[in-house]
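I have a structure I would like to understand better, so I am pasting it below and will then ask my questions one at a time.
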Number of protein chains: 2
Amino acid sequence: MSQPVTLHDVAAAAEVSVATASRALSGKNRVSRETVAKVQAVAAELGYRVDPIARALREGSTRIIGMIVPVIGNPYFAQLVDVAEEQLQRRGFELLLADSHGRIDEELRRLTVFGERKVDGIIIVPSDRSASAGALRSIRSNIALVQIDRSAGVSLADFVGVDNDVAMLLLLEHLWERGARSVAFVGADDVTSSGLERVDAFHRALERTGLTLVGQIRGQFDTNTGIAAADEIADGQLPDAIVAGSDLIAFGLISRLRKRGIRVPDDVLVTGFDGTTLSQIFTPSLTTVVQPIEGIAADAVSFLIGRIEGSDAPVRNSRLTPTLRVGESTEAR
Amino acid sequence: MSQPVTLHDVAAAAEVSVATASRALSGKNRVSRETVAKVQAVAAELGYRVDPIARALREGSTRIIGMIVPVIGNPYFAQLVDVAEEQLQRRGFELLLADSHGRIDEELRRLTVFGERKVDGIIIVPSDRSASAGALRSIRSNIALVQIDRSAGVSLADFVGVDNDVAMLLLLEHLWERGARSVAFVGADDVTSSGLERVDAFHRALERTGLTLVGQIRGQFDTNTGIAAADEIADGQLPDAIVAGSDLIAFGLISRLRKRGIRVPDDVLVTGFDGTTLSQIFTPSLTTVVQPIEGIAADAVSFLIGRIEGSDAPVRNSRLTPTLRVGESTEAR
DNA sequence: CTGAAAGCGCTTACAG
DNA sequence: CTGAAAGCGCTTACAG
């Protein structure tokens with residue numbers, strides 16, 4: 001490809017100064033009608049595109065948004081990234097993606113790099129309910145910030161996520177209707193806010209529905225946690241139902257239960273959480289709570305852009321309502 | 001956070017010129033021992049970090065690598081991104097990720113943006129076996145390029161992917177051993193290179209193993225293609241086995257076959273392709289060909305960095321050998 | 001070995 | 001409305 005054409009080239013061809021060319025193209029300064037027309041025509045003809053790096057150095061802003069997720073391999077986060085990217089694109093922002101692997105040190109490093117690269121804003125799924133706060137506070141104050149799915153403190157920055165209380169109530173009411181009276185919970189530990197909130201929400205829903213708790217296992221939001229929990233549960237007294245803190249946990253759970261000779265839903269009902277595409281393909285298809293991913297991403301993006309544009313509205317804590325999707329994993333016995 | 005400290009601050013504190021400070025820090029120029037020590041000490045104390053944007057404007061290079069995948073929601077690509085990112089990180093590069101949604105126009109736009117942002121290199125999974133070539137040729141010649149998993153022409157840039165011939169031979173030999181004599185193929189269409197190569201490899205493997213072809217359905221590398229194919233196959237004469245072009249296709253296939261009352265492996269054997277984590281959790285666990293993701297990413301990264309460092313070695317076409325992982329989906333009847 | 005100067009490509013006060 | 005100049009933070013010939 002040929003040498004990129006610079007503003008200098010455009011100015012020369014349009015027979016104006018670079019200053020005027022710049023103003024004509026930006027459109028937000030008083031420039032004569034004819035000059036604007038001429039410069040724009042020349043720019044188009046030459047295929048001029050502003051150099052984002054030079055602009056960033058001069059303006060200190062990049063129109064890049066950084067996004068940090070704990071693990072891109074989790075289909076829920078992959079979907080979230082996908083939707084967020086599309087919405088940012090539409091608003092003229094690029095997405096720079098990084099994976100913290102759920103580790104606080106990596107998270108801090110990514111945040112630092114994003115800061116150095118002068119991103120205009122950051123969308124983050126904080127990896128640690130308390131330890132992430134320090135990392136988040138360390139970023140420069142002129143970088144907009146929004147927390148998504150997990151929080152490291154609602155006072156730190158806007159937050160958007162699912163309403164875990166509604167979710168757990170939907171699940172437990174459904175299980176009760178299907179005849180379950182005893183239930184075990186397999187979720188994530190208290191390191192993440194969603195791990196903590198979901199177990200709390202689960203307990204509140206327990207009280208309201210009258211189900212009996214017969215066991216609680218905590219780990220990560222991954223299939224291995226489900227696998228380990230299945231072994232533990234299979235070795236003890238089987239509950240009527242098991243509530244998993246995520247679809248991935250449910251996948252691991254069901255898979256290993258089956259290997260241990262326990263069938264879902266015949267011997268025990270199982271529910272997931274997230275509503276990933278795969279939950280409908282899985283055998284048995286999963287009864288799960290579907291997160292309103294589009295809405296969550298839309299709120300996060302609009303909060304973020306609002307902050308970038310200077311909004312100093314009070315910090316928001318936005319909880320979107322999920323829906324129940326019934327699958328085979330809780331079919332009546 | 002306080003004002004970022006600039007090279008000017010460091011130079012002043014160390015009582016040298018910015019030029020000397022720059023040279024002392026870069027380490028690749030002749031500067032006296034003491035000056036280097038002093039500048040480094042001052043820089044460390046002040047917490048100086050070079051401004052990557054200013055450096056990029058000056059040097060024309062960013063130490064950022066762009067990566068474009070067709071769909072981040074596909075667990076295989078998510079794993080690839082994850083591994084590539086880790087390896088780049090270790091070599092001092094950041095990863096900028098974008099999703100082309102398998103569309104040639106989006107792909108071109110991403111490539112353009114990456115070019116403008118002056119990435120040093122691009123790792124791409126071309127979305128279209130022939131149409132992507134134009135887009136790839138349009139990027140500036142000083143940007144290193146490597147194709148991964150799919151190719152838009154081996155002469156365009158280095159390519160790294162799996163050896164589809166070995167893969168198909170492993171699968172068909174395994175099916176033969178398990179007693180299958182007739183087989184159907186469900187893969188992706190000729191738009192992607194892997195779609196084309198896998199069907200070709202499948203046919204070559206057919207000849208070598210002696211299996212009989214009883215049907216061939218082409219679509220995308222997703223679950224919906226598997227679902228649609230299951231309906232078509234269920235309506236006709238059932239083969240002994242079905243070879244799917246990807247794990248996602250196999251998931252959709254098995255799920256819908258089951259809804260149609262056809263059991264895997266009891267009524268028909270099914271194999272996948274990729275070796276995603278979920279293929280081991282799925283019910284039944286999937287017999288599949290495991291792509292050497294670490295190796296593929298490692299080759300791609302080292303080819304890319306080689307090019308960035310100026311290598312003009314002949315264009316490479318690197319095919320890594322996969323392995324067979326046997327699961328329940330082909331258990332002997 | 002070190003410093004003063006130029007310049008990467010842009011935007012924006014400052015004059016006119 | 002337009003131009004000449006400064007400056008964002010850095011690196012690297014060019015002199016010495």
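Heavy-atom basis, side chains included; hydrogens, waters and symmetry copies ignored. Every chain is numbered from 1 and lettered A, B, ... according to where its sequence line falls, protein lines coming before strand lines.
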(message) When you measure only distances, ignoring hydrogens and angles, does the side chain of B:R58 come within 3.5 Å of the base of C:dG9 through a donor and an acceptor?
(response)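 A donor-acceptor contact between them is absent.
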
(message) Given 3.5 Å as the limit, does a donor-acceptor pair link the side chain of B:R49 with the main chain of B:P4, or not?
(response)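 It does not hold such a pair.
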
(request) For B:S22, answer base if it contacts any base atom (sugar-phosphate contacts may also be present), sugar-phosphate if it contacts only those atoms, and nothing otherwise; contact means non-hydrogen atoms under 4.0 Å. (result)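 Counting heavy atoms under 4.0 Å across all strands, the contact made by B:S22 includes a base.
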
(request) Hey, which sits more toward the 5' end of DNA chain D by its nearest nucleotide, A:A19 or A:R33? (result)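 Looking at the nearest nucleotide for each, A:R33 comes out on the 5' side.
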
(message) Over all strands shown, is B:T35 touching base, sugar-phosphate only, or nothing at heavy-atom distances under 4.0 angstrom?
(response)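 The residue B:T35 makes sugar-phosphate contact but no base contact.
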
(request) Determine the Euclidean distance between corresponding P atoms of D:dC1 and D:dA5; express it in Å to zero decimal places. (result)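 Straight-line distance between the two P atoms is 23 Å.
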
(request) Compute both the distance and the angle, then confirm whether B:R316 meets the cation-pi test with B:F303: under 6.0 Å from the six-membered ring centre, within 45 degrees of the axis. (result)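 Checked: cation-pi criterion met.
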
(request) Please state whether the phosphate of C:dG3, meaning OP1 or OP2, lies under 4.0 angstrom from any side-chain nitrogen or oxygen of B:T20. (result)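 It does, given that an N or O in the side chain of B:T20 lies less than 4.0 Å from OP1 or OP2 of C:dG3.
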
(request) State, without any angle test, whether A:S127 and A:E107 hold a side-chain donor-acceptor pair at a distance under 3.5 Å. (result)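 Yes, because at least one side-chain N or O of A:S127 sits under 3.5 Å from a partner of the opposite role on A:E107.
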
(request) Respond yes when some side-chain nitrogen or oxygen of A:S17 is under 4.0 Å from OP1 or OP2 of D:dT2, and no when none is. (result)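 Answer no for this pair, as no side-chain N or O of A:S17 is under 4.0 Å from OP1 or OP2.
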
(request) Side chain of B:V18 only, please: which of D:dG9, C:dT11, D:dT11 is the nearest? (result)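 For the B:V18 side chain, the nearest candidate turns out to be D:dT11.
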
(request) Give a yes or no on whether the backbone of A:R129 and the side-chain of A:R150 come within a donor-acceptor separation of less than 3.5 Å. (result)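 Pair absent, no side-chain N/O of A:R150 close to backbone of A:R129.
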
(message) Distance check, P atoms only: D:dA15 and D:dT11, in whole angstrom units.
(response)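 Nearest-Å result for D:dA15 against D:dT11 at atom P: 22 Å.
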
(request) Ignoring the backbone of A:R23, work out which of C:dG9, C:dT2, D:dT2 is nearest its side chain. (result)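 When the side chain of A:R23 is considered, D:dT2 is the closest of C:dG9, C:dT2, D:dT2.
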
(message) Quick check for you: among C:dC14, C:dC10, D:dT12, whose closest atom lies nearest to any side-chain atom of A:L7?
(response)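 Nearest listed nucleotide: C:dC10.
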
(message) From the set C:dT2, D:dC10, C:dG9, return the single nucleotide nearest to any side-chain atom of B:Y48.
(response)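 Nucleotide nearest to B:Y48's side chain: D:dC10.
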
